[in-house]
Structures are given as C-alpha cells and as structure tokens.
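Shown next, in structure tokens, is the structure this report addresses.
Chain naming here is simple, since letters A, B, ... match the order of the sequence lines and numbering starts at 1 in each.
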Amino acid sequence: DGGITQSPKYLFRKEGQNVTLSCEQNLNHDAMYWYRQDPGQGLRLIYYSQIVNDFQKGDIAEGYSVSREKKESFPLTVTSAQKNPTAFYLCATHSLQGYTEAFFGQGTRLTVV
Amino acid sequence: GQSLEQPSEVTAVEGAIVQINCTYQTSGFYGLSWYQQHDGGAPTFLSYNALDGLEETGRFSSFLSRSDSYGYLLLQELQMKDSASYFCAVRDHNAGNMLTFGGGTRLMVKP
C-alpha cells in the first residue's frame with residue numbers, strides 16, 4: 001500500500017541523548033515536513049524539504065537536525081540541545097505537481113525520562 | 001511569509017451547524033485546504049479550494065474568497081464524532097510551495 005510511515009510510535013529519551021525519528025514515504029512525493037505538536041496546540045514547523053539533499057529550517061529548528069539523502073526518507077534527529085523535547089512529532093508529505101492533499105504519518109510520541 | 005488566523009475554540013450542540021473561519025496572508029496564494037485531527041491522531045485532509053466559492057463534500061463544505069483572503073469550513077448536522085481540531089492551510093508559490101497551517105480550531109460537540 002502507498003503511504004507514509006513514521007516509527008517508532010512511542011519513544012523514550014534520557015536527558016542528554018540524541019534520538020532519531022524515522023519517516024518514510026512511497027508516494028513519490030517531493031515535499032516532506034516535520035512538525036511538533038504540544039498538547040492542545042497547533043502544528044509548529046521544524047524542517048521542510050522539497051528536494052533531495054536540500055532542506056529549510058522552520059520556526060522551531062533549534063535543537064533538531066534532518067537529512068534528505070533519499071526522496072523517500074526524511075529522518076529527524078532530536079539532539080541533546082533541545083531542552084524540552086517531550087511532544088508529538090508528525091511527518092507529512094505532498095506532491096509539488098499541482099495542488100494535492102498532504103498525507104501525515106501516524107506520529108511519534110517522544111517522552112524524556 | 002505566510003500567516004493564518006482561526007478561532008482557537010468553538011462549541012456547538014449535536015445536530016447544529018457550525019462555521020470555522022480562517023483568514024490568511026500569503027504572497028503567492030495557491031489554495032486553501034482544511035484538515036481534521038482527532039486527539040492523539042494524525043491530521044487528515046477534508047477539502048480544498050483554489051477558486052472562489054463553495055465546495056461541498058457530504059456534511060462538510062468549504063468556502064473561499066480570494067479577494068478577502070478568507071475562507072471557512074461549514075459542518076452541518078453535527079455529530080459527536082466531529083469533536084476534533086480543524087486546521088486551515090495554504091500553499092505559497094513564493095515559498096517553494098510550502099504548506100503552512102493555522103493554529104487550529106478545537107470543536108467541541110455537546111449532546
């Protein structure tokens with residue numbers, strides 16, 4: 001089935017650790033995004049990429065890093081520099097050909113322990 | 001840059017009609033869309049408007065006025081399962097076709 005997959009669904013991080021969240025899509029879409037969502041809040045953009053080996057910082061990129069080595073994959077690393085990483089992380093993708101809907105992964109809930 | 005404004009919360013009773021407004025600012029407007037998100041879930045696409053007017057999909061309709069930089073989502077015959085957050089979003093030609101979301105409107109449907 002075509003779609004977008006995030007893993008893991010739940011992730012626990014110790015203070016000072018880096019963790020990587022996976023996002024894979026087989027929709028052949030160019031655009032991919034990472035959003036952070038805190039309880040009862042909206043979607044805040046972390047990073048955006050529309051082409052392999054290129055990405056742009058969003059509103060809250062500090063403490064996060066990404067790579068786009070393949071069109072299908074856009075992993076997000078939450079570094080130890082992110083002081084308050086506990087949140088719900090969502091990956092999204094859409095085609096840049098015409099206007100199409102965006103598809104979201106199921107999300108990763110990250111908790112610092 | 002782009003910015004979108006929508007009310008933070010709306011409450012309505014089952015069976016009623018509710019309208020969620022969205023105003024936007026963007027230099028290269030390329031469509032207004034709406035997404036629904038239930039608690040703990042991922043947003044899912046509801047509708048899209050590129051041209052002025054009303055688009056109807058079952059109980060949900062979406063309206064756009066490009067001259068007013070304004071749109072709304074209309075939900076009719078509200079059901080309890082419609083309790084969710086609703087986000088408007090725009091794409092911008094001048095920002096690499098980036099999709100930008102509003103802050104979301106939390107809809108609570110009461111019996």
Side-chain angles (χ1 to χ4, degrees), chain A residues 3-7 9-10 21 23 25 27 29-52 54-61 68 74 87-111, chain B residues 1-9 20 22 24 26 28-51 55 57 60 62 64 66 71 83-108:
Chain A
I4 175 169
T5 303
Q6 282 184 246
S7 61
K9 190 172 183 180
Y10 298 97
L21 284 59
C23 179
Q25 54 98 0
L27 300 166
H29 287 171
D30 295 297
M32 295 189 76
Y33 302 75
W34 275 105
Y35 294 95
R36 169 178 172 146
Q37 189 173 38
D38 293 289
Q41 302 299 309
L43 305 170
R44 291 192 290 168
L45 181 65
I46 307 173
Y47 271 98
Y48 164 60
S49 170
Q50 60 175 337
I51 194 169
V52 172
D54 188 47
F55 43 82
Q56 291 80 45
K57 292 183 179 180
D59 301 318
I60 57 164
R68 187 89 185 271
F74 193 40
F88 188 49
Y89 291 87
L90 286 159
C91 181
T93 185
H94 65 76
S95 172
L96 292 174
Q97 306 304 316
Y99 193 101
T100 60
E101 66 185 272
F103 295 87
F104 283 81
Q106 65 176 358
T108 294
R109 195 165 298 279
L110 173 63
T111 304
Chain B
Q2 311 85 44
S3 68
L4 298 97
E5 295 288 333
Q6 52 181 128
S8 57
E9 281 190 8
I20 299 173
C22 174
Y24 60 86
T26 181
F29 178 77
Y30 188 39
L32 178 72
S33 52
W34 290 90
Y35 290 78
Q36 178 192 60
Q37 184 185 30
H38 286 100
D39 285 346
T44 56
F45 175 80
L46 288 176
S47 68
Y48 161 68
N49 295 70
L51 302 175
E55 294 282 342
T57 310
F60 293 2
S62 57
L64 174 66
R66 288 173 296 170
S83 292
S85 292
Y86 293 84
F87 295 89
C88 57
V90 293
R91 288 259 295 269
D92 189 336
H93 274 308
N94 296 335
N97 279 317
M98 191 172 75
L99 187 64
T100 300
F101 286 87
T105 299
R106 191 169 186 86
L107 171 64
M108 289 182 285

Side chain, backbone, both or neither: which part of [X] has a heavy atom under 4.5 Å from chain B?
{"X": "A:Arg44", "value": "neither"}
{"X": "A:Phe103", "value": "neither"}
{"X": "A:Ala31", "value": "neither"}
{"X": "A:Gln6", "value": "neither"}
{"X": "A:Ser49", "value": "neither"}
{"X": "A:Leu45", "value": "side chain"}
{"X": "A:Leu43", "value": "both"}

**Q.** Which portion of B:Tyr30 sits near chain A, non-hydrogen atoms under 4.5 angstrom
**A.** both

Q: Name the region of B:Ser33, side chain, backbone, both or neither, that has any atom closer than 4.5 Å to a heavy atom of chain A.
A: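 Backbone plus side chain of B:Ser33, per the 4.5 Å heavy-atom cut-off to chain A.
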
Beyond-backbone contact of [X] with [Y], side-chain heavy atoms, under 4.5 angstrom:
{"X": "A:Cys23", "Y": "A:Ile4", "result": "yes"}
{"X": "A:Tyr35", "Y": "A:Phe88", "result": "no"}
{"X": "A:Trp34", "Y": "A:Leu21", "result": "yes"}

Q: Name the option with the most non-hydrogen atom pairs under 4.5 Å to chain A; the candidates are B:Ala50, B:Ser8, B:Gly31, B:Ala89.
A: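 When all of B:Ala50, B:Ser8, B:Gly31, B:Ala89 are compared, B:Gly31 has the most.
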
Q.
I'd like to know if B:Arg106 and B:Asp39 make a salt bridge, using a cut-off of under 4.0 Å between side-chain N and carboxylate O.
A.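 So B:Arg106 pairs with B:Asp39 through a salt bridge.
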
Q. In terms of ring plane angle, is the pair B:Phe29 and B:Tyr24 parallel, tilted or perpendicular, where the classes change at 30° and 60°?
A. parallel

**Q.** Plane angle bin for B:Phe45 and B:Tyr35 - parallel if under 30°, tilted between 30 and 60°, otherwise perpendicular
**A.** perpendicular

**Q.** Residues A:Gln50 and A:Gln56: side-chain donor-acceptor under 3.5 angstrom
**A.** no

Q) Between the side chains of B:Gln6 and B:Thr105, is a donor N or O closer than 3.5 angstrom to an acceptor N or O? A) yes

Q) Who wins among A:Gly58, A:Gly40, A:Pro39, A:Ala102 for the most heavy-atom pairs under 4.5 Å with chain B? A) A:Ala102

